[in-house]
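Below is one structure; the comments refer to it alone.
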Amino acid sequence: MTVAPQPPPRDDVRSDIVRAATRLLREHGADAVTTRAVAQAAGVQAPTIYRLFGDKNGLVDAVAEEVLAAYVASKADTEPGDPVADLRAGWHRHVEFGLTNPELFRLLGTRRPGDPSPATVAGVDVLRSRVRRLAAAGLLRVDEQRATTLIHAAGTGVILALLETSAPRRDPGLAEAMLDAVLGGILTATPVTSEPTVAAAAVTFAAAAPDLPGLTDAERALLTEWIHRSLTLLRGPHG
């Protein structure tokens, strides 16, 4: 009696598809990562990709997770040191990754607005934790959300600017100059101590609010809302 061969496990098929898409991306660029091309490279039918990943965005997410998993893990704080030095180190790793994986970086940038890759979200979460440490140390002159958004936008912009220039012609100091410009706008000259500015003190207090004892969740949320409302007024209409 002949036993019919069993289809490979679902996880194996998924891994084969992700590897095929990653290979196409690295060897032929973002334009080569189409559902049809990936299906052909992986030896499956196109409906299999839709069944396993939903759509092309789902496939791109899987590729990004495959490539970025080790990178995001390496960015996470294990033994926090000086918060500014740690932020600089994270910035340089982010720029290096973008320049090393240009096609993936561009592919992630083509997603629909408001629909970021889970890998991108994870990276921003790591950045947000670094900014929180700056705020807790009394080093921020703007609120955490503004600082996080500025750093993230500047990092993305500087990578795209460098990728638009051939490697031999790139300005090797551009990324560092951009970071210095951003930090100059968001950091205080020294930690908040005996004579803080109102804004810097409010930012530092906002960072500590989630850990204040003796408050209910509702009280803590209300306190945080008041602080952020005050920061908005301090920044003014053009802040």
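Positions are given from 1, in the same order as the sequence printed here.
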Original post:
Under 3.5 Å, is there a donor-acceptor pair between the side chain of Arg141 and the main chain of Ile186?
Top reply: no

Original post:
Is the side chain of Thr48 donor-acceptor paired with the backbone N or O of Gln45 at a distance under 3.5 Å, no angle test?
Top reply: yes

Subject >> Asp86 side-chain N/O to Gly81 backbone N/O, donor-acceptor pair under 3.5 Å >> reply: yes

**OP:** Indicate yes or no: at least one non-hydrogen side-chain atom of Val60 is less than 4.5 angstrom from one of Phe53.
**Re:** no

**OP:** Hey, could you give me the CH2/CG distance between Trp91 and Leu127, rounded to the nearest 0.5 Å?
**Re:** 9.5 Å

Original post:
Can you check whether Val158 reaches Leu179 side chain to side chain, under 4.5 Å on heavy atoms?
Top reply: no

Subject >> Closest heavy-atom pair and its distance - Ala39, Ile49 >> reply: N-CD1, 3.6 Å

**OP:** For residues Leu140 and Thr188, determine if any side-chain heavy atom of one lies less than 4.5 Å from a side-chain heavy atom of the other.
**Re:** no

Subject >> Side-chain donor-acceptor pair present, His28, Glu103, cut-off under 3.5 Å >> reply: no

Subject >> Interatomic spacing from CZ in Arg169 to OG in Ser166 - rounded to 0.5 Å >> reply: 5.5 Å

Subject >> Nearest non-hydrogen partners of Ala41 and Leu24, listed with the distance >> reply: CB-CD1, 4.2 Å

Original post:
Is a donor on one side and an acceptor on the other found under 3.5 Å between the side chain of Lys56 and the backbone of Val33?
Top reply: yes

**OP:** Compare all side-chain heavy atoms of Thr22 with those of Val18 and state whether any distance is below 4.5 angstrom.
**Re:** yes

Original post:
Where is the tightest heavy-atom contact between Arg14 and Ala62, given as atom of each residue plus distance?
Top reply: NH2-CB, 3.9 Å

Original post:
Of the non-hydrogen atoms in Ala147 and Val131, which two are nearest, and what is the gap between them?
Top reply: CB-CG1, 3.8 Å

Original post:
If every non-hydrogen atom of Arg128 is compared with every non-hydrogen atom of Thr148, which pair is closest and at what distance?
Top reply: CA-OG1, 4.1 Å

Original post:
For Asp171, does the CG atom sit with more than 12 other heavy atoms under 6.0 Å from it, leaving out its own atoms?
Top reply: yes

Subject >> Heavy-atom side-chain contact between Val38 and Thr34 under 4.5 Å >> reply: no

Subject >> Residue pair Thr149 / Gln145, side-chain donor-acceptor N/O under 3.5 Å >> reply: yes

Original post:
Do Leu183 and Arg88 have side-chain heavy atoms sitting under 4.5 Å apart?
Top reply: yes

Subject >> Straight-line distance of Leu99 CG to His94 NE2, nearest 0.5 Å >> reply: 9.5 Å

Subject >> Steps toward side-chain contact (heavy atoms from CB on, under 4.5 Å) verdict (Asp16, Val44) >> reply: CA-CA 9 Å; Asp16 288 344; Val44 301; over 6 Å; no

**OP:** Nearest 0.5 Å please: distance from the CG atom of Asp82 over to the CG atom of Leu139.
**Re:** 8.0 Å

Original post:
Could you state the interatomic distance from CG (Leu150) to NE2 (His152), rounded to the nearest 0.5 Å?
Top reply: 11.5 Å

**OP:** Treat each ILVMFWY residue as a node, draw an edge where side-chain heavy atoms are under 4.5 Å apart, and state whether Tyr50 and Ile17 are in one component.
**Re:** no

Subject >> Check: Leu104 main-chain N/O paired with Asn101 side-chain donor or acceptor under 3.5 Å >> reply: no

Original post:
For the residue pair Val63 and Ala21, what are the closest heavy atoms and their distance?
Top reply: CG2-CB, 3.5 Å

Original post:
How many angstroms lie between atom CD1 of Ile151 and atom CZ of Arg146, to the nearest 0.5 angstrom?
Top reply: 12.5 Å

